[in-house]
Amino acid sequence: MLILENISFAVNGQNGANKEIIRGIDLEFHPNRLYAITGPNGGGKTSIAKIIMGIYKQSSGNIYLNGENINDLNISERARKGIAYAFQQPPRFKGLTVSDLLQIARPGLDGVNLRTSLRDVGLCPEDYLDRDIGPGLSGGEIKRIEIAQLLARDAKISIFDEPEAGVDLWTIQKLIAIIMGKFRSKQGGTAVIITHNENVLHIVDEIILVEEGQIKERGTPDEIWPLIRHEVECKMKEQCRGEMVYEI
Amino acid sequence: MKFEQLDMDLLQAVADIKAIPSGAVNIRRNGEAVFRHSSPNIVINTNPENKGLMVEVKAGSKGETVHVPVILTNSGFHDRVYNTFTIGEDAEVTIIAGCGIHNDSHSDSSHNGIHEIIVGPRARVRYLEKHYGEGMGKGKRILNPTTIVRVENGGSIEMEMIQIKGVDDTIRSTTAYIQEKGNLKVVERLFTHGQQKAESDIRVEIEGQGAAAQILSRSVAQDDSYQLFKAALVGKNECTGHVECDAILMDKARIKSIPQLEAEDADAVLTHEAAIGKIAGEQLIKLMSLGLSEQEAIDTILEGFLS
Ligand SMILES: Nc1ncnc2c1ncn2[C@@H]1O[C@H](COP(=O)(O)OP(=O)(O)O)[C@@H](O)[C@H]1O
Ligand SMILES: [Mg+2]
């Protein structure tokens, strides 16, 4: 179980004053359950994920993984403890191939599983395995490779940050099928999906609504959906019209 | 000829060979040709001044490889060599050069190699040159390769020049002249660390109509090392040319990069791109989030960058 206890996170704002991005959050994520974090842009969803991964260090509060305080563990140590994060905006590399990255994500991954992990995200392995994770790939392709890594890691806690970006190339239905297949089996581990996608929001056990660095609401889809329905539907319409711009 | 383990290790580092390769070979050790073998299509001779090799690849020969590695294992040895490679019309050949120095002493060892390569009409050449130094002594390992390339009508050459590790001082000079419809691609990979200094000076004169040249350099400078990269493209006709230098700078190292374009014809299209920067923080974070330690992440990024 992963517990966030009274987590706050402040950064230096533009005028030098402290700006609190996350404000006293309490959360717990139980084993083998499916969570969605949703809420307006700039609300703090990515920051929460980065704090869990150790990319951002909280200003105050504690994080416990299975009872152990992991405040002082760095990113690598947390990764080895079973926390995994698929970036909203994954970086590009020079000279690292898709296959290289998948093998770092899952050392010892054999050829068959390597190929399967790409096919799962709708990419043809023959076309991608030897490609550089560089400027030659589109944002949507990079995103799907990012998800493939996360799935390959088979972590205890898998955090997806807006996996639906790049949806024009890869149907969200496929992602849902994979998530259902993997995380609905009892050993699949915990999945935390940061998303605005209605279909994803309906399949999770719990929705966490984050706004202005705080948890505004949490509950089952039945409880939360009526509260967020209007906004999510607007957002999905924007996406369908192609107006959603992902800066990846 | 007997080779010792040390020789074989150096040969493997610079020419990727575990045993004497088949085909045309010349292995030079401490200033002497210790093994030579010509093949039916590739003839290796000593030049008249006895200063190096004359390698001739017969016109029309296909799919052959010639290995000409140089190793220095005697401490404080200063080697100098002048080799010419003449590639006949329509021939296709791979040339594997390279130099490895092992120096355990406190006096400097050096190799000054001049390679002149004449790529005949429509011939296609791949040229690989790796440089490597090792040894415990304070004596420097110095490598100063000079390469002169002449690409005749319709010929093409792709050159990969790599300095792997352990070379204390290097001044590499590469000059190329390209005739009509000729093509040249130079890929340079340079890694410096400690107190090393490396200078690379590339000048390509694109003389013929429809000729093309590309210079791609990737380098990493660590510790207190210093690199100077100069690349000049001269377009004297209707032609295309592109220079790209991309460098990662670490610790207290310094890099100076000077791309230069000279167009002497209104139809010459010449471009350049240069970037120097440290390892991107987000790349490190990404690899660490996959479980690599910070050092492993750095090594992975550098290895990929120089691959
Ligand atoms: N490293 C940072 N430095 C400064 N401001 C940040 C940083 N990371 C996030 N922010 C700010 O914090 C707020 C929340 O960002 P983020 O967590 O990315 O929101 P979300 O993922 O919900 O869109 C935004 O206003 C954003 O600009
Ligand atoms: Mg976000």
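Order of the sequence lines sets the chain letters (A, B, ...), proteins ahead of strands, with each chain counted from 1.
- Taken to the nearest 0.5 Å, the CG atom of A:L96 stands 8.0 Å off from the CD atom of B:Q283.
- Across all their heavy atoms, B:L292 and A:S76 have their closest contact at O-OG, 2.8 Å.
- Heavy atoms from other residues, nucleotides or ligands lying under 6.0 Å from CZ of B:R189 number more than 12.
- B:S293 touches chain A through backbone and side chain together, each having a heavy atom under 4.5 Å away.
- Counting heavy-atom pairs closer than 4.5 Å to chain A, the top residue among B:K286, B:R218, B:E282 is B:K286.
- The neighbour count for B:K62 NZ, taken as heavy atoms of other residues, nucleotides or ligands under 6.0 Å away, is above 12.
- Only the side chain of A:Q149 comes within less than 4.5 Å of a heavy atom in chain B; its backbone stays farther off.
- Other residues, nucleotides and ligands contribute at most 12 non-hydrogen atoms within 6.0 Å of the NZ atom of B:K197.
- When each of A:L102, A:I75, A:I104 is tested with B:L290 by the rule side chain to side chain contact (heavy atoms under 4.5 Å, CB included), just one qualifies, namely A:I104.
- Note that OG of B:S289 is 10.0 Å distant from CD1 of A:I159, once rounded to the nearest 0.5 Å.
- Residue A:R131 places its CZ atom among more than 12 non-hydrogen atoms of other residues, nucleotides or ligands, all under 6.0 Å distant.
- Other residues, nucleotides and ligands contribute at most 12 non-hydrogen atoms within 6.0 Å of the NZ atom of B:K165.
- Chosen from A:M53, A:E77, A:K94, the residue pairing most often with chain B at heavy-atom distances under 4.5 Å is A:K94.
- For a residue to count as touching a neighbouring chain, one of its non-hydrogen atoms must lie under 4.5 Å from one of that chain's; by this rule A:F93 touches chain B with backbone and side chain alike.
- A:L150 does not touch chain B: none of its heavy atoms, backbone or side chain, sits under 4.5 Å away.
- Remark: B:K130 NZ is packed, more than 12 non-hydrogen atoms of other residues, nucleotides or ligands lying under 6.0 Å away.
- Looking at B:E296, only its side chain comes within 4.5 Å of chain A, counting heavy atoms on both sides.
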